[in-house]
Enquirer: 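Can you read through this structure? Questions will come right after.
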Amino acid sequence: MLSQTRRKKPAASPPSPELVPAQDLREALSALRQDRTEEGKRTHLAYIHHLVKEAWQLPGRGREVASALCREIRLQGALELLMEMMQSRGTDTRYEAGKLLEQVLITENRDRLARTGLPAILQLSMEREDAALASIVSGLLQHMFKQSEVTSHLLITNGGLDFILYWCRSKDATILRHCATALANCAMHGGHANQRLMVEKKAADWLFPLAFAKDQTVQFHACLAITVLATNKEIEREVERSGTLDLVEPFIASLHPEGFMQSWLDSEENSQGRTACELQRLVQLLDSSRVEAQCIAAFYLCVEAALKARQNKTQIFHEVGAAQSLKRIVSYSGHATTSTLAKKALCLMGEDIPQRLSPNVPNWKPLEVQTWLQQVGFTTYCERFWDLQVDGDLLLLVSDLELKEDLGIQSSITRRRFIRELRELKTNANYSTCDPSSLSDWLGSIDPHFRQYTYNLVHCGIGKSTLSGVTEEQLVSDCRIENGIHRARIFATGQVERQSIHQDIRVLESYSVETGTLAQPVHANQHVPELLSNL
């Protein structure tokens, strides 16, 4: 019998996963169901676990081979069998079943478990003092937190996040890795509502000790989690107060992508790198306005590029838009660590590394405009821009009509692409030579993308102290701020700050001798220019 044979040769030298037919896996699963002895069950579980583990570690085709085995396990109904075994107390079989279950949680299997197995996982979490079980269940939760926003919400509201935070005090390296990765997955995949719940449960505070762990993987995922939370504007201030965010940039600067990549190659979970869907989330992080987010995303993509280069799969970075975002970082970012990592990632992807552009765009000469056109993919129009001697000033003020009639960009879609790139340039430009009132900083405090309106406002003679006198019609016709929602937000923020200043003025006016400092009230007009200049 198959079961008897496996007892005699307990998972000694199974055939290569690439050669294992589906029928052999089915037989192993069938034997697992039929065997009534604990020793026999553990033997079959160890055999299957070894097959899956070896498949994940295959170079190049590991994900495809392992995913095929994982799908077969689900189709044979073995996910439910493994969950049932995990709930059998008093036997070591539950631990073997849990280790195998953790290995096979590809997307489709997580989906099945999310629909049928969450109550059982949460029930197992109740045995939180069992270190061996905690190591397994924390790993299961780690995977489930990246399934969907709905799954994350169910886990958080039913105690799953509480168990993860409780285990954050563990001394076990495996448990800590699972906890840090679970928090990172929840932040990355859970959406804004679940990120709010994470902050309410003090997850940001628990990330602080994790960021000081001895294990670099724990540190990395703790930094990743806190950075993602900080990109949510609704909770940004609360996340900053935890102090964890300040640790991100120094930690990333201390790492070497090659060494970190090697540690991932030695890991069953990370050896194949991230999927396209997961890489897209990293690109979103890279496109964030926060320097910490750009820094850790550039490092992550650098490690991923090294992994994918070994697998000859670097084309995936084009599919998810990573290469374009990395080139933008190299062109515009003034942060040395982030720019260096972006260049390294592009090199590993086999991409050309763009030239670093001067941020002082208003003072660009026509030759610098030519360089920018080439880097953003509009080489076709270089000659026309050169003929008209378009410099930085003209580029920042060019209109859609001028692009069409004067510069020859006839296609409306091409003009939209051009304006999108120009908007990015305006957002990242340095306006210090023409913006003495730091209007760009004020606009950026409302929304980093609002810095794109700086030059149009400054060109019209508007500064922070005079913005309050500008009408909405002037913002549209003279300053060409066409987005009505953006205009409304700028006005609303200005209104709040003006009300605050007027309140300060009223306090000054009512200040009397009774306070023990001034002999007479302060005249409001004396302070108005100074206060308005601080808008």
Side-chain angles (χ1 to χ4, degrees), residues 191-197 199-200 228-241 245 284 287-294 362 396-397 399-400 416 419-420 422-432 434-510 524-525 527-535:
H192 284 193
N194 290 320
Q195 289 171 352
R196 161 58 65 184
L197 292 176
V199 169
E200 290 176 359
V228 175
L229 290 176
T231 60
N232 182 343
K233 294 295 181 183
E234 296 177 3
I235 58 175
E236 183 179 23
R237 295 292 175 259
E238 296 164 84
V239 173
E240 289 175 343
R241 283 196 293 270
L245 199 62
Q284 293 171 9
D287 291 338
S288 165
S289 58
R290 290 203 69 103
V291 173
E292 303 93 343
Q294 295 175 357
L396 291 171
L397 296 172
S399 67
D400 182 77
R416 285 189 184 183
I419 291 172
R420 182 178 64 190
L422 181 58
R423 187 183 304 122
E424 190 71 37
L425 178 66
K426 290 179 177 180
T427 301
N428 288 282
N430 185 331
Y431 299 102
S432 57
C434 60
D435 179 24
S437 69
S438 298
L439 180 62
S440 62
D441 293 337
W442 184 80
L443 290 168
S445 69
I446 305 172
D447 187 304
H449 298 292
F450 287 6
R451 294 186 78 257
Q452 65 180 288
Y453 301 123
T454 302
Y455 200 68
N456 288 51
L457 292 167
V458 170
H459 190 263
C460 292
I462 299 172
K464 284 195 297 186
S465 61
T466 57
L467 183 60
S468 58
V470 178
T471 66
E472 185 168 359
E473 181 182 351
Q474 289 171 325
L475 284 181
V476 177
S477 59
D478 298 330
C479 304
R480 299 211 305 270
I481 302 180
E482 299 174 356
N483 190 307
I485 296 175
H486 289 189
R487 291 197 306 271
R489 288 187 62 189
I490 292 172
F491 270 118
T493 304
Q495 184 65 27
V496 169
E497 295 196 12
R498 283 193 293 274
Q499 288 175 353
S500 176
I501 287 174
H502 290 318
Q503 178 66 29
D504 291 341
I505 292 173
R506 284 194 293 272
V507 170
L508 289 170
E509 288 177 329
S510 64
N525 292 338
H527 295 273
V528 169
E530 178 184 352
L531 290 168
L532 289 178
S533 68
N534 291 325
L535 265 177

Enquirer: Give me the one residue out of I481, L475, I462, L397 that meets side-chain contact (heavy atoms from CB on, under 4.5 Å) with N456.
Expert: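 Of the listed residues I481, L475, I462, L397, the side-chain contact (heavy atoms from CB on, under 4.5 Å) partner of N456 is L397.
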Enquirer: Supply the atom-to-atom distance I235 CD1 to E200 CD, rounded to the nearest 0.5 angstrom.
Expert: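 One finds 9.5 Å between CD1 of I235 and CD of E200.
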Enquirer: Ion pair present between E238 and R196, side-chain N to carboxylate O less than 4.0 angstrom?
Expert: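 Salt bridge present between E238 and R196.
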Enquirer: Between S440 (side chain only) and T454 (backbone N and O only), is there a donor and an acceptor less than 3.5 Å apart?
Expert: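 No, because the side chain of S440 does not come within donor-acceptor range (under 3.5 Å) of the backbone of T454.
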Enquirer: What's the spacing between Q474 CD and E472 CD if we round to 0.5 Å?
Expert: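 Going from the CD atom of Q474 to the CD atom of E472 covers 11.0 Å.
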Enquirer: Between L457 and L443, is there a side-chain heavy-atom distance shorter than 4.5 Å?
Expert: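 Contact flag for L443/L457 side chains = yes.
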Enquirer: Rounded to the nearest 0.5 Å, how far apart are NE2 of H449 and CG of N428?
Expert: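 Rounded to the nearest 0.5 Å, the NE2-CG separation comes to 9.5 Å.
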Enquirer: Please enumerate all residues that pass salt bridge (Lys or Arg N to Asp or Glu O under 4.0 Å) together with R420, with sequence neighbours excluded.
Expert: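 By the salt bridge (Lys or Arg N to Asp or Glu O under 4.0 Å) rule, R420 matches no residue at all.
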Enquirer: In sequence, state the C-alpha distance, the side-chain angles, and the governing distance for Y453 and N483, and then conclude on side-chain contact (heavy atoms from CB on, under 4.5 Å).
Expert: CA-CA 11 Å; Y453 301 123; N483 190 307; 4.0 Å; yes
Enquirer: Would you say the side chain of R480 lies within less than 4.5 Å of the side chain of C460, judging by non-hydrogen atoms?
Expert: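 Counting from C-beta outward, C460 and R480 never come under 4.5 Å.
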Enquirer: Any idea which heavy atoms bring S288 and T231 closest together, and the distance?
Expert: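 So the minimum-distance heavy-atom pair works out to OG-CG2, 3.6 Å.
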Enquirer: For T427 and P448, which heavy atoms make the closest approach, and how far apart are they?
Expert: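 That would be CG2-O, 3.5 Å.
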Enquirer: Take I490 and L467 through the test side-chain contact (heavy atoms from CB on, under 4.5 Å) and record every step on the way to the result.
Expert: CA-CA 10 Å; I490 292 172; L467 183 60; 4.3 Å; yes
Enquirer: I'd like to check the side-chain contact (heavy atoms from CB on, under 4.5 Å) partners of E240; sequence neighbours left out, ordered by chain and number.
Expert: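 Once residues adjacent in sequence are excluded, the partners of E240 under the side-chain contact (heavy atoms from CB on, under 4.5 Å) criterion are E236, R237, L245, R290.
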Enquirer: Provide the closest heavy-atom pair for L439 versus G463 in the form atom of the first, atom of the second, distance.
Expert: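 Shortest heavy-atom contact: CD1-C, 4.4 Å.
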Enquirer: Find out whether T493 and F450 are in side-chain contact, i.e. whether some heavy atom of one side chain is under 4.5 Å from a heavy atom of the other.
Expert: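 SC-SC contact between T493 and F450 ruled out.
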Enquirer: Go through the steps for Y455 and K426 under the test side-chain contact (heavy atoms from CB on, under 4.5 Å), then give the verdict.
Expert: CA-CA 8 Å; Y455 200 68; K426 290 179 177 180; over 6 Å; no
Enquirer: Going by salt bridge (Lys or Arg N to Asp or Glu O under 4.0 Å), name the residues that satisfy it together with R416, two or more places apart in sequence or in a different chain.
Expert: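 Listed in chain order: nothing, the list is empty.
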Enquirer: The criterion is side-chain hydrogen bond (donor to acceptor under 3.5 Å, both in side chains); which residues satisfy it with R423, sequence neighbours excluded?
Expert: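 With sequence neighbours excluded, R423 shows a side-chain hydrogen bond (donor to acceptor under 3.5 Å, both in side chains) to no residue whatsoever.
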Enquirer: Filter on salt bridge (charged side-chain N to carboxylate O under 4.0 Å, His left out), then keep only pairs touching residues 436-461, sequence neighbours left out; what's left?
Expert: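 Residue pairs passing salt bridge (charged side-chain N to carboxylate O under 4.0 Å, His left out), neighbours aside: D447-R489.
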Enquirer: Holding to salt bridge (Lys or Arg N to Asp or Glu O under 4.0 Å), I want the full list of residues that pass it with D435, two or more places apart in sequence or in another chain.
Expert: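 Expected list: none.
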Enquirer: Go through it in stages, so that I can follow the logic: the residues are R487 and C479, the test is side-chain contact (heavy atoms from CB on, under 4.5 Å), and I'd like the CA-CA distance, side-chain angles, deciding distance and then a yes or no.
Expert: CA-CA 11 Å; R487 291 197 306 271; C479 304; over 6 Å; no
